[in-house]
Amino acid sequence: DSGVTQTPKHLITATGQRVTLRCSPRSGDLSVYWYQQSLDQGLQFLIQYYNGEERAKGNILERFSAQQFPDLHSELNLSSLELGDSALYFCASSPPLGTASTDTQYFGPGTRLTVL
Amino acid sequence: AQSVTQLDSHVSVSEGTPVLLRCNYSSSYSPSLFWYVQHPNKGLQLLLKYTSAATLVKGINGFEAEFKKSETSFHLTKPSAHMSDAAEYFCVVSDPTGSARQLTFGSGTQLTVLP
């Protein structure tokens with residue numbers, strides 16, 4: 001158990017809908033990262049937040065957005081869902097900058113999204 | 001820019017025999033390198049991490065990896081495979097510069113362990 005929690009575990013929805021995925025980082029970690037894992041694209045970095053602020057963006061679609069709240073949990077919002085958005089979505093967290101392990105990311109169990 | 005190439009998409013070994021999963025990296029900087037494992041329907045678990053302190057890194061479950069700068073390689077090994085090692089393994093590089101510690105993942109190697 002990494003200490004990173006994600007809810008829900010599974011999500012089944014229809015095309016055109018909107019969903020929210022939730023992530024709580026490990027205690028003490030300030031960074032939250034979101035990744036998408038699909039069969040055709042592999043593991044892709046979507047976005048990173050550090051202490052409430054967006055820090056880096058990867059291959060995140062405009063239909064997707066995220067935020068990190070004052071209590072450091074994060075939400076990934078996916079809208080106008082398409083069949084191709086079906087994937088495993090992982091959240092990861094890492095220790096604060098200036099600590100020895102700041103580059104080590106600890107992953108949650110993931111949310112499996114199925115778009116029908 | 002940084003990248004990772006996992007040279008084998010599938011590796012099959014017999015239980016009790018050695019495991020070798022190959023990884024080559026490309027980075028403009030002295031990178032941090034990781035191996036993660038993903039068991040079926042599970043999240044990613046950190047196996048081990050290299051950060052320049054020692055070229056031979058020992059991880060969990062008997063795995064180790066050797067950083068070879070001249071060959072830009074970071075191969076993962078285990079002396080004796082166990083059935084529970086069957087999983088997908090990802091070699092990962094992290095850009096150590098800047099404040100965003102983005103990870104770049106290899107395409108993964110599926111390890112099958114035969115009885």
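Keep in mind it's a predicted model, so treat the numbers as computed, not measured. Within every chain, numbering begins at 1; the chains are lettered A, B, ... in the order of the sequence lines, protein sequences first and strands thereafter.
- With a 4.5 angstrom heavy-atom cutoff, A:Q37 touches chain B only via side-chain atoms.
- Looking at B:S32 and A:D103, their side chains do bring a donor and an acceptor atom within 3.5 Å of each other.
- In this structure, no portion of B:T104 lies under 4.5 Å from any heavy atom of chain A.
- When the side chains of ILVMFWY residues are joined at heavy-atom separations under 4.5 Å, either directly or via intervening members, B:F90 and A:F45 end up in a single hydrophobic cluster.
- A:L43 and A:L21 are not part of a single hydrophobic cluster, where members link through side-chain heavy atoms under 4.5 Å apart.
- Contacts of residues 108-116 of chain A with chain B at a heavy-atom distance below 4.5 Å involve A:G108, A:P109, A:R112, listed in sequence order.
- The hydrophobic clustering, which links ILVMFWY residues whose side-chain heavy atoms are closer than 4.5 Å, places B:V92 and B:F67 apart.
- Contacts of B:Q38 with chain A are made by side-chain atoms alone, with heavy-atom separations under 4.5 Å and no backbone atom involved.
- B:L44 has its side chain out of reach of A:Y35: every pair of non-hydrogen atoms, C-beta onward, lies at least 4.5 Å apart.
- Of the inter-residue distances, the one linking A:Y106 atom OH with B:L46 atom CG reads 6.0 Å to the nearest 0.5 angstrom.
- The same ILVMFWY cluster, assembled from side-chain heavy atoms under 4.5 Å apart, contains both B:V37 and B:V13.
- At least one side-chain heavy atom of B:K49 sits less than 4.5 Å from a side-chain heavy atom of A:S101.
- For chain B, the nearby parts of A:T104 are the backbone and the side chain; heavy atoms of each come within less than 4.5 Å.
- With a 4.5 angstrom heavy-atom cutoff, B:K42 touches chain A only via backbone atoms.
- Linking Ile, Leu, Val, Met, Phe, Trp and Tyr residues whenever their side-chain heavy atoms come within less than 4.5 Å places B:V113 and B:L21 in a single cluster.
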